[in-house]
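The next block holds one structure in the form of structure tokens; read it before the comments.
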Amino acid sequence: MVQAKSWTLKKHFEGFPKDSNFELRTTELPPLNNGDHEVLLEALFLSVDPYMRIAANKLKEGDKVMGEQVARVVESKNSAFPTGTIVVALLGWTSHSISDGNGLRKLPTGWPDKLPLSLALGTVGMPGLTAYFGLLDICGVKGGETVLVSAAAGAVGSVVGQIAKLKGCKVVGTAGSDEKVAYLKKLGFDEAFNYKTVKSLEEALRTASPDGYDCYFDNVGGEFSNTAMLQMKTFGRIAICGAISQYNRTGPCPQGPPPEAVIYQQLRMEGFIVTRWQGEVRQKALTDLMNWVSEKRHSEGKIQYHESITEGFEKMPAAFMGMLRGENLGKAIVKA
């Protein structure tokens, strides 16, 4: 019998999450059922992401925490997923699972042996796809434009900036530490600054791009984004991907962007969730991302990646809270 460990939501979050919000439970999984085409999965890598802070509000206390993982099939009664198959699936914070195959995704065709499997949770996974579609479809970025990216050293923002550079844009990134700013310069961002240490955010944004911004990829929301929107060019586009600065608030929502800026600059703002894009367009995007990060040089250039890996399934809550504090560089991952 297999013992499955799972992290559950013991108590709903009030403000910033605490250890006491989580509970580790162990359950014994039943044998696989032949007729149901079942597979037994063992988690290899698990993802912690900002959206989980908000999505957890929909859970009932005692529910397993949601999330994506890379898993290996360790026993199979399903010919589509033989033993040893690597899959990506929304199985939650659990060490072992039984699945009938629904919702399991194999790695993209042609996944290079040298590429870490964990990238299927990062640059060649949900965060990479979020960057890809948010920048190319929602912002509709074109060569020669200026792109502003907030939380630019995170899992999504770091990919946004690099794709924008591949497309011939000027890219300005902001982050919350000098180490992250140095990383952005290494990735090829044209301008980068630490928003926590500048005297005036408004001045720093204007200095980085005196002519303003064509596209703003918003990962933070709040006062930062209100300030950034005042520096958008006419017909500027804003992709609203996240609002991590607001996820742990306990008081009322802050005031939104100045309406006059949106009206008179004729801005277009659109929120989006990456699951909108499915089928062939999703597969093409994954192939593009995989080629950009693999050793094969893509015709347009290459994307670098960085992972902040926490060892040990028992450290899931710590990794999650560390990510919300901005302790990760690039994608935050837990190795089971």
Side-chain angles (χ1 to χ4, degrees), residues 9-22 48-63 65-67 127 130 134 138-139 148-157 160 173-177 180 193-206 213 215-232 236-276 317 320-328 332:
L9 185 71
K10 185 177 182 180
K11 194 172 189 306
H12 277 117
F13 305 130
E14 292 177 21
F16 198 89
K18 301 184 286 288
D19 285 327
S20 56
N21 291 120
F22 304 94
V48 288
D49 301 284
Y51 81 84
M52 296 171 177
R53 173 61 184 83
I54 298 303
N57 294 340
K58 297 179 180 178
L59 296 177
K60 296 193 292 289
E61 290 180 352
D63 283 353
V65 183
M66 80 297 294
T130 301
I138 303 296
C139 279
L148 172 64
V149 189
S150 55
V156 174
V160 172
T174 66
S177 76
K180 290 180 178 180
F193 64 84
N194 182 345
Y195 71 91
K196 291 181 179 177
T197 56
V198 293
K199 288 180 182 175
S200 161
L201 177 59
E202 188 178 348
E203 283 179 25
L205 288 168
R206 189 171 291 114
Y213 298 91
C215 301
Y216 170 39
F217 198 104
D218 183 10
N219 289 309
V220 299
E223 280 306 309
F224 182 102
S225 293
N226 289 349
T227 302
M229 285 180 202
L230 292 170
Q231 301 201 27
M232 298 298 294
R237 290 91 67 202
I238 298 143
I240 303 177
C241 174
I244 196 167
S245 74
Q246 301 302 307
Y247 290 167
N248 293 302
R249 71 168 189 271
T250 51
C253 286
Q255 189 173 345
E260 63 275 17
V262 178
I263 295 164
Y264 287 99
Q265 292 304 101
Q266 302 182 69
L267 305 180
R268 181 165 61 80
M269 302 165 60
E270 185 174 347
F272 69 101
I273 298 172
V274 71
T275 49
R276 181 193 308 187
F320 174 64
M321 291 184 283
M323 176 273 304
L324 289 177
R325 279 192 291 266
E327 292 171 4
N328 59 297

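Because only heavy atoms are used, hydrogens play no part in the values below, and waters and symmetry mates are left out as well, while side chains stay in. Since the model is a prediction, treat every value here as computed from it, not as a measurement.
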>> Can you tell me how far apart CD (E270) and CD1 (I238) are? Round to the nearest 0.5 Å.
In response: 11.5 Å
>> Please report the interatomic distance CD(Q231) to CG(L201), rounded to the nearest 0.5 Å.
In response: 8.0 Å
> Checking ring-ring contact (aromatic ring centres under 6.0 Å, His included) for the pair F16/Y247: CA distance, chi angles, key distance, verdict?
Replying inline: CA-CA 8 Å; F16 198 89; Y247 290 167; over 10 Å; no
>> Could you tell me if D49 and Y51 have a donor-acceptor pair between their side chains, going purely by distance under 3.5 Å?
In response: no
>> Can you classify the ring geometry of F224 versus Y216 as parallel (below 30°), tilted (30 to 60°) or perpendicular (above 60°)?
In response: tilted
>> Take a 6.0 Å sphere around CD of E260 and say whether it holds more than 12 heavy atoms from other residues, nucleotides or ligands.
In response: yes
> Is the backbone of K58 close enough, under 3.5 Å, to the side chain of H12 for a donor and an acceptor to pair up by distance?
Replying inline: no
> Would you say E14's side chain and T250's backbone share a donor-acceptor pair under 3.5 angstrom?
Replying inline: no
> Can you name the nearest heavy-atom pair linking S225 to V220, along with the distance?
Replying inline: OG-CG2, 3.9 Å
> Does the Y213 side chain pair with the main chain of L205, one donor and one acceptor, at a distance under 3.5 Å?
Replying inline: yes
>> I need the minimum non-hydrogen distance between P317 and D19, along with the two atoms involved.
In response: CB-OD1, 4.4 Å
> Between the main-chain N or O of D218 and the side-chain N or O of S150, is there a donor-acceptor pair closer than 3.5 Å?
Replying inline: no
> Mind checking what makes side chain to side chain donor-acceptor pair (under 3.5 Å) contact with R249, not counting sequence neighbours?
Replying inline: none
> C241 and V156: which non-hydrogen atoms are nearest, and at how many Å?
Replying inline: SG-CG1, 4.3 Å
> Got N248 and P17 here, is their nearest side-chain heavy-atom distance under 4.5 Å?
Replying inline: yes
> Considering all heavy atoms of both residues, which atom of K10 and which atom of S20 are nearest to each other, and what is their separation?
Replying inline: CD-O, 3.8 Å
